[in-house]
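Below: the structure, in structure tokens.
Values below: all heavy atoms of this structure, side chains included; hydrogens, waters and symmetry mates excluded. From a predicted model like this one, the values you see are computed outputs, not experimental measurements.
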Amino acid sequence: MAEELKVIVFTLAHEEYGIEVDKVKTIERMSPITRVPKTPPFVKGVINLRGVVIPVIDLRGRFGLPETEPTDNSRIIIVAADELEVGFIVDSANDVLDVMSDTIETPPEVVGGVKAKYLSGVAKVGENRLLILLHLAEVLNRSEIIQLERVGSES
């Protein structure tokens, strides 16, 4: 029997992506980001969210997509990875979908310019809609999590 997976849908460079709802803490509007020195270019800095300092990553930069200026639709999706909370800057976040596990296929090598190692699968939603599912453990690989933990604790 196919399991149902609830995912938050967000867009990056006109492609739709999904993150499992249980990994998402909150979705925030863009807020001022404090730059942190000696971090990879896609680490935009940290935000103070209700007294908690959270590192923020631009997913476009992380995936090697062209970075753009934030718009009114841009959002920061706060996700929990291990014990760490991290913010992902996305073009928009606008939907929660139920995806059946039997509609998820292994991602091809590159989808929308994003390497397959960052993806857990591609889900067929409806007739002609594809949803690219993120592999959070790879998006935040171990060495980067350690770096981000330092960023969060230095502030």
Side-chain angles (χ1 to χ4, degrees), residues 5-99 107 110-123 125-126 128-155:
L5 190 67
K6 272 204 180 317
V7 296
I8 301 274
V9 178
F10 64 92
T11 59
L12 271 184
H14 308 294
E15 297 284 347
E16 287 188 309
Y17 294 83
I19 294 180
E20 294 166 45
V21 166
D22 61 357
K23 305 244 190 318
V24 175
K25 293 285 188 203
T26 173
I27 299 173
E28 302 290 328
R29 291 187 174 277
M30 290 300 293
S31 58
I33 298 173
T34 305
R35 192 85 183 109
V36 178
K38 298 192 203 106
T39 55
F42 59 83
V43 177
K44 292 303 170 196
V46 294
I47 57 172
N48 181 339
L49 187 64
R50 295 181 271 290
V52 178
V53 175
I54 297 177
V56 176
I57 290 176
D58 187 332
L59 273 188
R60 280 175 166 263
R62 179 69 180 104
F63 293 159
L65 299 168
E67 292 186 33
T68 58
E69 286 299 310
T71 67
D72 288 346
N73 292 328
S74 298
R75 295 290 180 266
I76 299 175
I77 299 178
I78 310 297
V79 299
D82 295 334
E83 298 301 303
L84 178 68
E85 288 186 9
V86 177
F88 290 152
I89 298 174
V90 300
D91 295 350
S92 68
N94 45 9
D95 216 354
V96 176
L97 274 182
D98 294 324
V99 175
V110 174
V111 178
V114 178
K115 291 191 188 98
K117 75 174 190 170
Y118 298 131
L119 311 175
S120 63
V122 177
V125 182
N128 49 11
R129 187 173 172 194
L130 290 178
L131 187 63
I132 304 162
L133 303 175
L134 285 195
H135 189 315
L136 271 189
E138 277 301 329
V139 173
L140 297 168
N141 72 33
R142 193 72 212 133
S143 64
E144 284 162 1
I145 288 177
I146 291 165
Q147 228 179 351
L148 290 172
E149 284 169 346
R150 278 195 221 112
V151 167
S153 63
E154 285 171 2
S155 324

side-chain contact (heavy atoms from CB on, under 4.5 Å) between F10 and L134, intermediate numbers included: CA-CA 11 Å; F10 64 92; L134 285 195; 3.7 Å; yes
Trace of the side-chain contact (heavy atoms from CB on, under 4.5 Å) decision for I54 with T26: CA-CA 12 Å; I54 297 177; T26 173; over 6 Å; no
side-chain contact (heavy atoms from CB on, under 4.5 Å) evaluation trace for T11 with E16: CA-CA 5 Å; T11 59; E16 287 188 309; 4.1 Å; yes
L97/R129 under side-chain contact (heavy atoms from CB on, under 4.5 Å): CA gap, chis, key distance, verdict: CA-CA 12 Å; L97 274 182; R129 187 173 172 194; 3.9 Å; yes
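Heavy atoms only, all atoms of each residue included: V7 and G18 are closest at CB-CA, 4.4 Å. Scanning both residues, N94 and S92, for their nearest heavy atoms gives ND2-OG, 3.8 Å.
The environment of R29 atom CZ is sparse: at most 12 non-hydrogen atoms of other residues, nucleotides or ligands sit within 6.0 angstrom. Taking a 6.0 Å sphere around CG of D72, one finds it holds 12 or fewer heavy atoms contributed by other residues, nucleotides or ligands.
Not one N or O on the side chain of K25 forms a donor-acceptor pair closer than 3.5 Å with the backbone of D22.
Of the inter-residue distances, the one linking I19 atom CD1 with H135 atom NE2 reads 13.0 Å to the nearest 0.5 angstrom. Rounding to the nearest 0.5 Å gives a distance of 4.5 Å between OH of Y17 and CD1 of I132. Atom-to-atom distance recorded for F88:CZ and L12:CG is 10.0 Å, nearest 0.5 angstrom.
For the pair V46/I33, no side-chain contact is recorded, criterion being any heavy-atom separation below 4.5 Å from C-beta on. Between M30 and I76 there is a side-chain heavy-atom pair separated by less than 4.5 Å. Taking the side chain as every heavy atom from C-beta outward, D98 and K6 approach each other to under 4.5 Å. Within the 4.5 Å cutoff, side-chain heavy atoms of I47 are placed close to those of I78.
Remark: R60 pairs with D91 by the salt bridge (charged side-chain N to carboxylate O under 4.0 Å, His left out) rule, at least two apart or across chains.
With I77 as the fixed residue, the side chain to side chain contact (heavy atoms under 4.5 Å, CB included) test singles out one of V24, I89, V86: V24.
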